[in-house]
Amino acid sequence: MKYLTIFSILMVASITFAGEIKKEFDVSAGQRLEMDIKTGGSIYIYGENHDKVVVVVSHRGSKLNENVWVDMDDNSRGVEISAGADGNTNSDLEFKVYVPLKFDIEVTTMGGEIVVANVEGKLEGETMGGEITLEKLKGSVKFSTMGGDVELTDSDVDGKISTMGGEVLFKNIIGDVDGSSMGGNVIYKNVRSRNGKSTGKEVNISTMGGKIKVDEAFSGADVSTMGGDIDVNKAKLYIKANTMGGDIDIRDIDGWVKATTMGGDVDVTMTGDPSKGDRHVEISSMGGDIELVLPDGISADFDIRITYTRNSNKNYEINSDFSLDIEEDDEWSYNNGDPRKKIEGTGKSGDGEHSIKVSTINGNITIKKN
């Protein structure tokens with residue numbers, strides 16, 4: 001057991017508050033690092049090609065409280081590091097830890113940044129208020145922060161990443177990873193399964209208040225936000241997209257679509273062979289224009305509807321490259337608050353195999369062939 005107060009560490013090392021203390025432990029690849037920093041502090045963990053855990057502890061603040069302590073212990077499982085204080089003290093500690101390339105990690109801090117790079121294993125971390133940066137990892141991941149951005153890049157991992165108040169970015173990832181944010185953007189860029197052809201089971205994203213951007217989702221996507229745009233570049237199988245207050249732009253979907261917005265425009269382009277797979281479409285907006293592009297030759301049953309209120313003062317239209325019968329109400333309906341009318345377009349293409357339902361309020365609908 002190696003147990004020292006920060007005050008005694010400074011005395012032994014004969015350094016000032018801006019100095020540092022360094023400890024080394026002999027370990028084996030595949031063991032475990034556990035850190036519990038109750039005082040709060042930033043944690044930086046780097047994998048290196050050796051059989052040691054090297055710990056460097058320093059203090060970044062202008063004043064050091066002698067009641068703060070750090071405990072470092074090696075055992076049969078690996079290395080345990082903890083920090084605490086006699087009383088309510090924020091020590092502003094910084095931990096730099098160098099571990100073998102293959103090593104399990106579980107870290108918790110009451111407030112500070114977490115960085116983990118170049119490590120393979122079961123990797124978990126939690127901070128109550130700081131950014132999380134993850135790079136060149138392999139294995140499984142489970143990280144969360146209560147108030148910061150999260151970035152996962154250049155890794156081969158499965159798992160889950162979440163933040164209560166920041167952005168989530170996945171870039172150059174192989175594996176199945178879920179990202180969620182209560183108040184920020186969630187962005188997927190070049191996220192694929194291990195066979196190199198898809199993002200894994202599906203892209204699954206939720207945020208309470210930010211934009212969602214997906215570069216590729218070749219095994220489907222289920223995405224939702226309470227207050228932002230949804231942007232999907234390319235996907236297969238299906239897309240389910242829901243936003244309470246933004247636009248939806250799906251530029252290339254080889255499969256079926258369900259897209260809903262409470263207050264924005266929707267643009268969807270379906271690609272691929274229309275005779276293969278499920279091709280049904282369900283799009284709705286409570287206040288925007290909708291444009292849907294479908295493959296020429298699709299077998300479809302069209303149910304298209306515009307509802308417009310008398311106070312909108314606009315002339316709305318259904319424009320379609322497919323043959324539709326268009327009918328418009330002659331009289332205003334008073335059953336749902338503001339007086340309103342409907343414009344409806346119905347028709348079939350081919351055998352009418354796939355249901356195409358599109359509706360909006362106070363917006364135009366355009367359906368094109370590609």
Side-chain angles (χ1 to χ4, degrees), residues 1-2 20-37 41-58 70-83 93-109 112-127 130-145 150-163 168-179 188-196 198-201:
M1 174 78 71
K2 298 173 178 63
E20 63 183 31
I21 188 69
K22 180 177 179 180
K23 295 291 181 181
E24 294 187 7
F25 302 90
D26 292 325
V27 295
S28 300
Q31 288 187 297
R32 183 179 182 86
L33 169 68
E34 296 183 22
M35 299 184 67
D36 185 7
I37 312 304
S42 298
I43 298 173
Y44 305 90
I45 301 172
Y46 306 101
E48 293 188 340
N49 190 19
H50 53 54
D51 290 328
K52 294 181 180 294
V53 169
V54 180
V55 185
V56 180
V57 186
S58 60
V70 175
D71 180 4
M72 293 182 279
D73 180 24
D74 58 339
N75 52 47
S76 60
R77 297 186 305 274
V79 174
E80 296 181 5
I81 302 171
S82 59
L93 296 176
E94 178 180 280
F95 295 82
K96 291 185 179 179
V97 186
Y98 304 88
V99 301
L101 296 175
K102 292 186 177 181
F103 220 68
D104 293 340
I105 292 170
E106 183 177 355
V107 297
T108 303
T109 177
E113 181 182 11
I114 295 177
V115 175
V116 183
N118 204 34
V119 185
E120 177 181 351
K122 183 179 180 181
L123 312 173
E124 300 181 359
E126 180 180 359
T127 176
E131 296 182 353
I132 297 177
T133 303
L134 311 170
E135 182 181 5
K136 296 180 181 178
L137 305 182
K138 189 172 183 178
S140 64
V141 293
K142 184 180 181 182
F143 285 86
S144 64
T145 175
V150 181
E151 183 175 301
L152 172 66
T153 60
D154 302 317
S155 298
D156 183 346
V157 293
D158 299 324
K160 185 175 182 180
I161 308 292
S162 63
T163 175
V168 176
L169 170 63
F170 295 156
K171 184 177 180 180
N172 300 331
I173 305 301
I174 297 173
D176 296 322
V177 285
D178 293 340
Y188 278 50
K189 293 183 178 179
N190 191 29
V191 181
R192 297 174 177 269
S193 70
R194 288 174 186 81
N195 62 18
S198 77
T199 52
K201 291 177 288 186

Go through the steps for Thr145 and Glu131 under the test side-chain contact (heavy atoms from CB on, under 4.5 Å), then give the verdict. CA-CA 7 Å; Thr145 175; Glu131 296 182 353; over 6 Å; no
Quick one, Val27 with Phe103, criterion side-chain contact (heavy atoms from CB on, under 4.5 Å). Give me CA distance, side-chain angles, the key distance, then yes/no. CA-CA 10 Å; Val27 295; Phe103 220 68; 3.9 Å; yes
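- Rounding to the nearest 0.5 Å gives a distance of 10.0 Å between CZ of Arg77 and CD of Gln31.
- Between Val107 and Phe95, the closest side-chain pair of non-hydrogen atoms is not below 4.5 Å.
- Distance alone, capped at 3.5 Å, places no donor-acceptor pair between the Asp158 side chain and the Gly175 backbone.
- To the nearest 0.5 Å, the span separating CG on Asp178 from NZ on Lys160 amounts to 7.0 Å.
- Note that CD of Glu94 is 4.0 Å distant from OG of Ser58, once rounded to the nearest 0.5 Å.
- Side chain of Thr127 to main chain of Gly112: a donor-acceptor pair is present (N/O by atom type, distance under 3.5 Å, no hydrogens or angles).
- Under the 3.5 Å distance criterion, the side-chain polar atoms of Thr109 are matched with a main-chain donor or acceptor of Gly41.
- Counting heavy atoms from C-beta on, the side chains of Glu34 and Asp36 never come closer than 4.5 Å.
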Could you go step by step and tell me if Tyr188 and Ile173 meet the side-chain contact (heavy atoms from CB on, under 4.5 Å) rule? CA-CA 9 Å; Tyr188 278 50; Ile173 305 301; over 6 Å; no
Under the side-chain contact (heavy atoms from CB on, under 4.5 Å) rule, what do Asn172 and Thr153 come out as? Steps first, then yes or no, please. CA-CA 6 Å; Asn172 300 331; Thr153 60; 5.7 Å; no
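- Contact between Val168 and Thr163 at its shortest, heavy atoms only, is CG2-CG2, 3.6 Å.
- In terms of modelled atom types and a separation under 3.5 Å, the side chain of Ser155 and the main chain of Lys138 share no donor-acceptor contact.
- For the atom pair Leu33 CG and Glu106 CD, the distance stands at 9.5 Å (nearest 0.5 Å).
- Between Phe143 and Leu134, some side-chain heavy-atom pair lies under the 4.5 Å cut-off.
- Between Lys23 atom NZ and Asp73 atom CG the span is 12.5 Å, to the nearest 0.5 Å.
- Here the options are Asp104, Val53, Asp51, the test is side chain to side chain contact (heavy atoms under 4.5 Å, CB included), and the partner is Val99; only Val53 passes.
- Here the straight-line distance linking atom OG1 of Thr108 with atom CD1 of Ile114 works out to 7.5 Å at 0.5 Å rounding.
- Counting heavy atoms from C-beta on, the side chains of Tyr98 and Lys52 never come closer than 4.5 Å.
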Extract all donor-acceptor atom pairs below 3.5 Å that involve side chains of residues 115-126 and protein atoms in other chains or at least two apart in sequence.
unit_1: Asn118; atom_1: ND2; unit_2: Gly47; atom_2: O; d: 3.1

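- For Ala29 against Pro100, the heavy-atom pair with the smallest separation is CA-CB, 4.4 Å.
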